[in-house]
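What you see below is based on every heavy atom in this structure, not just the backbone, and it leaves out hydrogens, waters and symmetry mates.
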Amino acid sequence: MKLPYERPTLRKLTAGMPNKFGPRAGARAVTALDGVAVAELVARFGSPLFVLSERQLRRSYQAAVRAFGTRYPRVQLAWSYKTNYLNAVCRVFHQEGAWAEVVSGMELEKALGNGVPGPHILFNGPGKRRADLERACEVDAVIHLDNADELHLLLDVAAGRARRPRVALRVNLDAGIVPQWDRFGFNLENGEAWQALGRVACSGRLALVGLHCHIGTYVLQPAAYGAAATKLAALARRCAQELHTAVHYLDLGGGFPSTNTLKGAYLPATDTVPPLDDYAEAVAGALLGAGFPPDELPLLVLEAGRALVDEAGSLIGTVLANKRLADGRRATILDFGVNLLFTSFWYDHHISPTREFSTAAEPTVLYGPLCMNIDMLRESIALPLLAPGDIVVVHKVGAYNMSQWQQFINLRPNVVLIDQAGQPHVIRAAETLEYLQQLEAVPAHLL
Amino acid sequence: MLLSATRPRLTVAVTGLNATDSPGPGVAVIRALRETVDFDLRVIGLSYEALEPGIYLRDMVDRTYQLPYPSAGTAALLERLQYIKEQEDVAVLIPNFDAELFNFIKLEPQLRALGIRTFLPTLAQLEARDKLNLPAFGAAHGLHVPASRPLLHAGELLAAAEELGWPLVLKGRYYDAAVVHSLVQAEQAFGRLAGQWGVPLIAQQFVAGQEINIAGLGDGHGRALSVVPMRKLTITDKGKAWAGITLEDEALLALARRFAEATKWRGGFELEIMRAATGELFIMEINPRFPAWIYLTAAAGQNQPAALLRLALDLPVPMMDGYAVGKMFVRYAWDLITDHTQFQQVAALGEL
Amino acid sequence: MKLKKNIATSEAGFVFNPATGDSFAANPLAADILARTKAGQEAAAIKADILEHYDVAPGQLEKDWDDLLAQLREFNLLD
């Protein structure tokens, strides 16, 4: 039996910190995901590989429902499609009871295809075309109006329809945080929103059913949601009193953080991100205190995305090579890069080895496989002495990566969902060259 | 000698061993603890860097363990403290850095389960005295603080100056400040501070007067068990006290007691006070821990660290009355001699 | 590979360069290689011994050996 090998390395001792100390502090190996061995997953489905945990998807959904539902009597989650619109993922959430929140005609069709009834689809986004609006009217989805041009286009589309299109007004407001998102929707403080509401009400062609605002992304201040809820509730009360229109729902949007640590953050997100309960407390407190008669409390809609899916996703990858840079730093090249892990532009993802190592570690630059200078996953990370062929797991990658990934230089890999019984299912097959080229056409003179 | 043999043994861990030109309070805290008559102490140093001088003060610090930086989070810190607890029977831990307090406060229940006691403010107390929240804090508790407002854009400078007057103090989100006398200066300073520390900046009313510091110990129920005011006699170019003297002034004592009463402050604190020409006392900043000059309280007759040790162990601490007025400290620099082998031990293994 | 003469190595894996005042921590295999080098063993003999006792392919060892040399050069420890 030969001794386990680890490459010889030296570390210069400085006044700063040792990376790790003691026998207990080495990077922990993650050998299995939801009970399935990482090695088995790689053997069956290749590397890189996205893995989603159905158990965690459901757990996160139920936790969100519990956080808000125990504090406010009428709560509805609308799954934010753009965060991860793989059908299997969407269907898990729809099974749990989620409506769909979509931001394009394509996403609208996806939601319909996943069996979501039109009235349970909330159609957001600043770029709706006429055909999108017509389709939304046809299936009775709720159109969240973004701007005055869209409002007038919709009035035009609505003319002569037997059924009045149902709309909500997207409002942007000062919730006390920076940056203030003012590019989507109608501004509250300058009176634009009220003007638009007046136009909707007096047109007679549209049915106002909701008010919507989405104050930002990865918002760490629960109080900001409370402020937004207070303002939105006051606007709804004004609609009832002055426009004699009862607003059925208030949609507080999404933007809740996951526990991924933002680049440049001082403390890790696992310590600083407030629990969802704090957000629920702020929102429910604001709505319950807004003066609605008890039997006329509006439905609270939330468009959670990241908070529901991020934790359920992992990315398995393999070390392709190690090298030393001109300045002496160690660099490791992995078989996935920013093409698959788009969120590495703003998160310092947690990355684990999948076998035991000694505690020796070396600061390492992590590169992806792209022949492109931007393909850097991490400027410096203390990893054990990985060798080519070693497998790593990147945690909490469920949000945005599987919709913002790029088909650039490499094809996209398999995505598997591990069901609650621990069975992996391919939910999106690895792309092939044929798939990549199937929409291409070569003119006859080039054949 | 006979006394020490009968005193119970106790192991205390202390952070902030960076007794450099902008010193952490750890070494001063240890020096005060060493004068306790209650225990036969073993002192464990907890350091972040291998060249913190306290590590090499072997007659003050029996053994030192490195901690992960606060930015590594509570999980890494707890794991390290569990390891240390296996090596040393640490009964009380006294953190001394602003930046680490968040983590230690969060871990309080886990540390208690390990058998390690602390005596710290609550997270709510920690946040309430944050620079950004200071005006609200003053208003809530009826304490004078300089008027201030947060600034997100340089465009707000003129309005801030109209409200607060010239000169204006601009403070970075976490560190650093500038006193500016004109809009041009203010815009330059805004660019520098915002570039380095991000927004919001804090625009604060300039208060002229005499700088006074007060070290205190709150029992968590509204009582300040000890209050010792000190005026800096000389400062370094970093604004740190190089020499100081204890003062007798009932108004200062009353202010600190009112602070402890209003906040139910738990643990050590330092109030940075400005006494205006009118005699009005403004609280400029509240530090949620002992200051680096804390040994002066022991020398003047109110050993605050030793009292905190008793509080952490649920032992009674009487109100401390009277201290030596006119007691001075003069800080000095001293070259400790050690060897590269000791440095290697700390830098590579994190223990010495 | 020829280490500078005055480089001090310790059993715990510490390396000290008296000419620069720098200290280094070597992992166990690097410490072993440095100790043998100081004792006058030839590179070929050290490598053969590693291949005999450790679970490593010759190609990988060669790559890592070159990398160790690069580090020693970077740290100014080679003659």
Side-chain angles (χ1 to χ4, degrees), chain B residues 15 17-21 24 26-27 44-58 60-73 76-77 79-88 333-352, chain C residues 1-41 43 46-47 49-50 53-56 60-79:
Chain B
T15 73
L17 305 184
N18 55 324
T20 59
D21 63 340
V27 170
I44 303 303
L46 301 172
S47 68
Y48 291 99
E49 305 214 321
L51 286 179
E52 291 180 22
I55 301 169
Y56 304 96
L57 270 169
R58 303 312 297 269
M60 295 285 269
V61 180
D62 294 302
R63 189 167 174 81
T64 299
Y65 295 83
Q66 299 250 99
L67 295 183
Y69 282 126
S71 57
L77 176 61
E79 190 176 341
R80 181 62 174 163
L81 291 173
Q82 279 164 341
Y83 168 79
I84 293 169
K85 177 74 182 176
E86 283 165 18
Q87 320 304 312
E88 309 283 348
W334 175 262
D335 297 348
L336 284 166
I337 303 304
T338 184
D339 196 65
H340 75 275
T341 53
Q342 305 228 321
F343 167 71
Q344 288 170 345
Q345 288 288 328
V346 184
L349 304 177
E351 291 178 29
L352 184 67
Chain C
M1 164 158 64
K2 193 146 181 282
L3 281 181
K4 281 185 172 157
K5 267 206 192 62
N6 54 0
I7 301 294
T9 55
S10 80
E11 270 189 30
F14 293 123
V15 181
F16 180 64
N17 183 347
T20 62
D22 287 329
S23 288
F24 305 88
N27 71 348
L29 189 56
D32 187 39
I33 292 170
L34 293 179
R36 290 163 185 245
T37 304
K38 263 183 77 88
Q41 276 195 40
I46 301 174
K47 285 189 223 174
D49 205 43
I50 292 173
H53 291 102
Y54 288 89
D55 184 16
V56 58
Q60 184 65 45
L61 179 61
E62 284 302 326
K63 273 190 293 180
D64 291 342
W65 188 272
D66 287 348
D67 185 54
L68 179 65
L69 285 182
Q71 291 180 65
L72 293 170
R73 253 195 314 274
E74 168 80 19
F75 292 146
N76 228 336
L77 296 170
L78 291 184
D79 246 344

Got a second to check how far B:Gln344's CD is from C:Phe14's CZ, nearest 0.5 Å? 5.5 Å

Residues 20-37 of chain C vs chain B, non-hydrogen distance cutoff under 4.5 Å, contacting residues -> C:Ser23, C:Ala25

Could you tell me the separation between the OG atom of C:Ser10 and the NE2 atom of B:His340, rounded to the nearest 0.5 Å? 8.0 Å

